[in-house]
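Here's the structure we're looking at; comments come further down.
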Amino acid sequence: MSSETKTLKPNNFLSPAALANNEKAQALIKQLAHPVLGHFIHGKEVPSLSGKVFTNKSPIDGTNLNETAMGDVEDVAAASKSSSDAFESWQAWPAKKRRDLLHTIADTLERHSESISLLETADTGQPLRFTEKTAARGAENFHYFADLCTRATDGHSYPTPTHLNYTVRDPIGPIAAITPWNMPFMLATWKIAPALAAGCSVVHKPAEWSPLTASLLAKLAFEAGLPAGVLNLVHGTGDQAGTAITQDPHIKAIAFVGGTKTGSRIMSQGAASLKRVHFELGGKSPVVVFDDADLDRAVDAVAFMIFSLNGQRCNAGSRLLVQDTIHDQFVQRLVEKAKSIRVGNPFDPLTEVGPLIHQNQLAKVIQHCTDAKKSGATMHCGGAVNGQTDLPSAGHWFEPAIVTGLSADMPIVQEEVFGPVLAVLPFKDEAQALALANNSRYGLSTYLWTSHLARAHRLARSFQSGMVWVNTEISRNLSTPFGGMKDSGIGRDGGDWSFDFYMETRNICIALDAHSIPKIGAPSVKT
Ligand code: NAD
């Protein structure tokens with residue numbers, strides 16, 4: 001390991017609470033994935049047609065969690081045919097009946113909150129203190145879009161004296177939801193709930209590093225009464241199952257959350273069958289802190305938005321741009337905070353940062369820090385951890401890191417590290433802050449801290465990002481548009497924006513009187 005490797009302070013790996021929660025999670029995994037975690041095709045859990053499986057490993061200690069069915073083109077074909085067969089009757093369900101079912105699914109998820117939380121922690125290494133809110137957040141997605149069901153087909157009307165134009169919406173057809181590993185349960189519900197509310201059937205392909213809660217979601221949805229085929233689930237890799245879904249002729253649209261490179265591949269894979277795409281991709285979101293800001297609140301928010309969820313969140317505020325007048329003191333306060341963060345067993349209720357998802361992800365995070373240091377940067381705290389602690393050496397441990405002394409073009413400033421690493425740059429004035437913030441291929445979120453009202457409005461209109469958060473960490477209101485510009489995505493989710501993606505809008509134009517119709521050719525002869 002590199003020079004970033006260090007010894008961690010004594011931790012809670014073997015605390016009684018952590019051990020007890022781990023035991024409960026292992027029992028749940030056995031129950032859910034015995035002998036294999038299967039696909040859900042036409043309402044039934046099934047193995048792969050090829051019989052192939054892959055091993056899902058723990059990010060905590062590298063042990064095997066379970067075997068998962070390895071989907072391929074034949075499994076995808078069966079799943080998409082099932083979705084296509086189920087589509088006609090599902091879209092014809094009365095909206096109120098669909099609404100009631102989605103509420104029932106939400107209630108079922110809430111009842112299984114503890115299982116969802118434990119499985120998510122086992123699979124991803126996200127601390128329990130965050131995953132215990134996962135079921136409620138997923139249920140909120142179902143409740144929210146359930147309430148919109150009865151309005152989904154509504155359109156607009158544009159009357160003139162001679163013509164009435166009005167629009168109606170219909171579900172586009174079977175869609176694919178392809179989701180990542182960083183918040184697997186929440187992100188699956190974020191795509192599946194609006195699609196079902198719109199009247200679409202769904203084929204879901206979760207990330208291969210985190211298959212567990214996707215299976216539980218499908219199982220609970222069927223237990224709640226979802227008809228067979230309305231939701232199909234195929235496990236497997238992006239290269240095989242993922243590619244097959246994006247090329248399948250039954251699938252009309254792809255709702256994708258994941259990396260920017262993958263998004264671009266999916267776009268070309270789906271091009272031959274003209275798939276509609278909605279992309280929520282990577283980010284390198286700046287946090288801009290002016291010296292007139294409420295610094296106590298800003299410190300808390302900056303630390304939360306880069307170190308919570310192990311730094312593996314698309315909306316992480318991973319580039320801190322701080323006014324030069326307060327740079328040193330602000331960094332000092334952040335470093336103190338970062339050092340106090342409890343890294344350890346994610347099954348312990350006190351843990352704030354758990355292991356990163358995979359050894360590849362850990363290697364990538366270490367590489368970014370090592371390269372930055374080689375280029376002269378200062379790493380004030382953090383780094384990889386191994387040995388001399390009771391943390392298992394096979395886990396992917398990395399303490400929250402803060403790096404200064406950077407130039408704007410360095411990879412650690414420009415690329416998505418996707419770990420608990422904060423890159424810091426100073427700025428002098430508003431113009432420089434704006435230039436630095438927009439100097440990125442990404443455009444997901446920008447966070448701004450200032451008490452200067454006019455400046456807040458001015459900058460909010462000038463940042464190149466789909467979302468701007470002023471004097472706040474991320475705060476979701478499901479009616480507002482969520483999504484990125486530039487390399488961070490295509491399209492918006494939330495409220496009616498979701499229905500625009502999952503539905504076709506039809507315009508109907510009706511003449512209201514005998515208006516004059518333009519004529520060409522010879523006048524018709526009256527007999
Ligand atoms: P990834 O792109 O590697 O994988 C995402 C999903 O795509 C997985 O299910 C994977 O199997 C599948 N996939 C991979 N190649 C495919 C292909 N050729 N065809 C079809 N499917 C394919 O992303 P990841 O590493 O799982 O997740 C991390 C990324 O997700 C980060 O970049 C993060 O910023 C992004 N993300 C974005 C948002 C957002 O809202 N913008 C939210 C969460 C995560």
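Both counts, for ligands and for their atoms, begin at 1 and track the order of listing. Quick caveat: nothing in here was measured; it's all calculated off a predicted structure.
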Closer than 4.0 Å to some heavy atom of [X] - which atoms of ligand 1 meet that?
X	answer
Pro206	9 (O)
Arg265	18 (N)
Leu187	43 (C)
Lys205	8 (C), 9 (O), 10 (C), 11 (O)

Can you tell me the protein heavy atom closest to [atom] and the distance?
atom	result
atom 13 (N) of ligand 1	Gly238 CA, 3.4 Å
atom 31 (C) of ligand 1	Glu416 OE1, 3.4 Å
atom 27 (O) of ligand 1	Pro180 CB, 3.2 Å
atom 28 (C) of ligand 1	Phe418 CE2, 3.7 Å
atom 23 (O) of ligand 1	Gly259 N, 3.4 Å
atom 18 (N) of ligand 1	Gln269 OE1, 2.9 Å
atom 6 (C) of ligand 1	Thr179 O, 3.5 Å

At under 4.0 Å between heavy atoms, which part of [X] makes contact with ligand 1: side chain, backbone, both or neither?
X	answer
Ala241	neither
Glu280	both
Ile266	side chain
Glu208	side chain

Measuring from [atom], which candidate in [options] has the nearest non-hydrogen atom?
atom	options	result
atom 37 (C) of ligand 1	Leu281, Asn182, Leu444, Thr260	Leu281
atom 29 (C) of ligand 1	Gly270, Gly258, Ser268	Gly258
atom 36 (N) of ligand 1	Gly489, Cys314, Gly242, Ser445	Cys314
atom 5 (C) of ligand 1	Ile178, Val257, Thr262	Val257

For this session: Decide whether the shortest distance between a heavy atom of Phe256 and an atom of ligand 1 is less than 4.0 Å.
Result: yes
Exercise. Judged by non-hydrogen atoms, does Phe279 sit under 4.0 Å from ligand 1?
Worked result: no
Problem set entry | Test log, rule side chain to side chain donor-acceptor pair (under 3.5 Å), inputs Thr131 and Thr121 | CA-CA 6 Å; Thr131 62; Thr121 291; 2.8 Å; yes
For this session: Drop me the distance from Asn56's CG to Asp123's CG, to the nearest 0.5 angstrom.
Result: 4.5 Å
Exercise. Out of curiosity, Ser50 OG to Asp72 CG, how far, rounded to the nearest 0.5 Å?
Worked result: 6.5 Å
[X]/[Y] ion pair, N-O < 4.0 Å:
X	Y	value
Lys275	Asp248	no
Lys191	Glu280	yes
Arg276	Glu504	yes

Exercise. Quick one: does Trp181 get an N or O within less than 3.5 Å of an N or O on ligand 1?
Worked result: yes
For this session: Would you check the N or O atoms of Thr237, main chain and side chain alike, for any that come under 3.5 Å of an N or O of ligand 1?
Result: no
Seminar exercise, completed: Tightest non-hydrogen contact, residues His39 and Ser48, listed as NE2-OG, 2.8 Å
Exercise. Does Arg441 use its side chain to pair, donor to acceptor, with the backbone of Ser488 at less than 3.5 Å?
Worked result: no
Problem set entry | Option from Ile175, Val234, Thr179 for which side chain to side chain contact (heavy atoms under 4.5 Å, CB included) with His204 holds | Thr179
For this session: Could you point out which residue of Met410, Met379, Lys373, His368 forms a side chain to side chain contact (heavy atoms under 4.5 Å, CB included) with Val403?
Result: Met379
Exercise. Would Thr55 and Glu67 satisfy side chain to side chain donor-acceptor pair (under 3.5 Å), going step by step from the backbone distance to the final call?
Worked result: CA-CA 5 Å; Thr55 302; Glu67 301 297 313; 3.1 Å; yes
Problem set entry | Whether Trp190 and Phe145 hold their rings parallel, tilted or perpendicular, with breakpoints at 30° and 60° | tilted
For this session: Please identify each residue that fulfils ring-ring contact (aromatic ring centres under 6.0 Å, His included) with Phe501, with sequence neighbours left out.
Result: His278
Problem set entry | Sub-4.5 Å side-chain heavy-atom contact between Ser117 and Glu120 | no
